[in-house]
Peer 1: 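Submitted below is the structure of interest, expressed as structure tokens.
Each chain gets a letter, A, B and so on, in the order its sequence line appears, and its residues count up from 1.
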There are 2 protein chains.
Amino acid sequence: MNPNRRFKDEIYEQFSRIGKAVSSPKRLELLDILCQGERTVEKLAKETALTIANTSQHLQVLKNSRLVEQEKQGLYVVYRPAPMVCDFLFSMRNVAENRIAEIEQIKKRFLEGKKGMEPMDREALLSRLETEDITLLDVRPAEEFRAGHINGALSVPLNELEFMLANLPKDQEIVAYCRGPYCVLSVQAVELLNQRGFNAVRLEEGVQDWKRMGLSLSTGK
Amino acid sequence: MNPNRRFKDEIYEQFSRIGKAVSSPKRLELLDILCQGERTVEKLAKETALTIANTSQHLQVLKNSRLVEQEKQGLYVVYRPAPMVCDFLFSMRNVAENRIAEIEQIKKRFLEGKKGMEPMDREALLSRLETEDITLLDVRPAEEFRAGHINGALSVPLNELEFMLANLPKDQEIVAYCRGPYCVLSVQAVELLNQRGFNAVRLEEGVQDWKRMGLSLSTGK
DNA sequence: CTATTATTCAAGAAAATAATTGAATAATAG
DNA sequence: CTATTATTCAATTATTTTCTTGAATAATAG
């Protein structure tokens, strides 16, 4: 074969390794979760509803295309996104959201009939947060809250929410957020709160989106 | 199935349409070419060394994942990258180049033993261009030159280069560029020039890279 | 050393994808 | 209307990918 052709074939073959890695819905979900913070195989399997073996295999694929890194920690193997990967994923999500109309439809259909799901105005939210006019809940697992959360947010993991209701105000609007538009924790939280007579709305943006918009996060307790 | 799980599955299924589109080396090459400017199926087939039917099928895949747009012009169908797609591709190439060591190896092996292939210092190039110390050749097809080229470059398409040699200086360094690091036009040009006793080097960056670095381009003749 | 737990490996079945081929369409020129 | 040309379609084959299952490995606790 022509060496020029051969060169191009070899080069694009390599580029396609990245494409193949992100051509599976499951692997995209795994990467998305990893961009929220490192995880063990077990946790990833649980969050994605895959079998452990299948999760492990997908992670091998991601590792072979250099999109994730792994580290053995005792009995566990912890996976992490490789540098640049979350930015790349963001760019991909951007294209998808702008070009693929079905995404908006699916979102709309899922949120249909649920109260408090309208997109919020960020400016309004920020100013109301400052005047303490609203209560902002971070409903992700406590560990993720510790790793970084929106300034002024309260950590109330979804599975503890039920037991924290007594401490929440009935006369003030409650805003719940989680990992982003495709995370359902805040959706469930808002549903529960509204059922119990609170006035709750969802902030669609997640911590990473918040960060990406140049807004500051806090860490720790 | 749990509606939350169903929602995620549906969403990531949609995201993966983008990934599937860029999981084939041939489609990546097609997209790369399209980011240089719109093309007919025929031209794309020729540039990628694919059959027309195969090219057409790949283009259908890209169209279905909304990464390209098409327009019928008489007997021809012209394809164009959709908005944002070239930026996404750039981000993907970035990840690949940084994470996949094989790419650098393949490049090195291909350029091995060829004269004038060392990366150039951009600053030095710019200042030498201003003092007219070097001759800058754009060896892409004339049409692409017209659509946009580096300020001060001369249009000498590779297949015309042989007949233009008499007009080129023997006492001055000649710098040739084309579409970028994976385009071989400038490589061939530099080889030919050096064989014929000129002092030629290759500028690895292509027009799009140049543009992306914030440097200005000219259009027209 | 043995049992337990997290992860990976290996093999097989089902599904999806890529390239090839020849035929079908659509636009235009004569 | 007929011939030509660019493109797409449809069917087939070969290849890859995904998921499942059960077994193998590796680290640790007792």
Peer 1: By salt bridge (Lys or Arg N to Asp or Glu O under 4.0 Å), which residues pair with Lys211(B), not counting sequence neighbours?
Peer 2: none

Peer 1: Kindly compute the distance separating CG (Asn151(B)) from OG (Ser216(B)), expressed to the nearest 0.5 Å.
Peer 2: 3.5 Å

Peer 1: Pairs in or reaching into residues 23-61 of chain B: which pass ring-ring contact (aromatic ring centres under 6.0 Å, His included), with residues at least two apart or in two chains?
Peer 2: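 For residues 23-61 of chain B, and leaving out neighbouring residues, there are no ring-ring contact (aromatic ring centres under 6.0 Å, His included) pairs at all.
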
Peer 1: Taking ring pair (Phe, Tyr, Trp, His ring centres under 6.0 Å) as the test, write out the residues that go with Phe15(B), two or more places apart.
Peer 2: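 Here the qualifying residues are Tyr182(A), Tyr12(B).
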
Peer 1: Identify, residue by residue, the members of residues 57-78 of chain B with a heavy atom below 4.0 Å from DNA chain D, and return them in order of residue number, or none.
Peer 2: Gln57(B), Gln60(B), Gln70(B), Leu75(B), Tyr76(B), Val77(B)

Peer 1: Name all pairs fulfilling the salt bridge (charged side-chain N to carboxylate O under 4.0 Å, His left out) condition that reach into residues 149-163 of chain A, sequence neighbours left out, sorted by first residue then second.
Peer 2: Glu162(A)-Arg196(A)

Peer 1: Checking Asn54(A) side chain against Thr51(A) main chain: does a donor-acceptor pair fall under 3.5 Å?
Peer 2: no

Peer 1: Are any side-chain N or O atoms of Lys20(A) and backbone N or O atoms of Ser23(B), one a donor and one an acceptor, separated by less than 3.5 Å?
Peer 2: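 Yes: the side chain of Lys20(A) pairs with the backbone of Ser23(B).
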
Peer 1: Please check if atom CD in Glu71(B) has more than 12 non-hydrogen atoms from other residues, nucleotides or ligands closer than 6.0 Å.
Peer 2: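 Above 12, so yes.
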
Peer 1: Going by salt bridge (charged side-chain N to carboxylate O under 4.0 Å, His left out), name the pairs with one or both residues in residues 86-103 of chain A, residues two or more places apart or in two chains.
Peer 2: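 The answer is Asp32(A)-Arg93(A), Asp87(A)-Arg212(A), Arg99(A)-Glu69(B), Glu102(A)-Arg17(B).
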
Peer 1: Hey, where on DNA chain D does chain A first and last touch, going 5' to 3'? Cut-off is any atom under 4.0 Å from a heavy atom.
Peer 2: dT17(D) to dT28(D)

Peer 1: What pairs with Cys35(A) under disulfide bond (SG atoms under 2.5 Å apart), at least two apart in sequence or on another chain?
Peer 2: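 Testing Cys35(A) for disulfide bond (SG atoms under 2.5 Å apart), a comparison that skips the adjacent residues, returns Cys86(A).
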
Peer 1: If you take any heavy atom closer than 4.0 Å to DNA chain C, which residues from residues 13-47 of chain A end up in contact?
Peer 2: Thr40(A), Val41(A), Glu42(A)

Peer 1: Under a 3.5 Å cutoff on both atom distances, Watson-Crick or G-U, what's the dot-bracket for DNA chain C ([ ] crossing, | other strand)?
Peer 2: ||||||||||||||||||||||||||||||

Peer 1: What pairs with Arg179(A) under salt bridge (Lys or Arg N to Asp or Glu O under 4.0 Å), at least two apart in sequence or on another chain?
Peer 2: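 With sequence neighbours excluded, Arg179(A) shows a salt bridge (Lys or Arg N to Asp or Glu O under 4.0 Å) to Glu47(A), Glu144(A), given in chain and number order.
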
Peer 1: Can you list everything that forms a ring pair (Phe, Tyr, Trp, His ring centres under 6.0 Å) with Phe7(B)? Sequence neighbours excluded, please.
Peer 2: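 Per chain and number, Phe7(B) pairs via ring pair (Phe, Tyr, Trp, His ring centres under 6.0 Å) with Phe110(A).
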
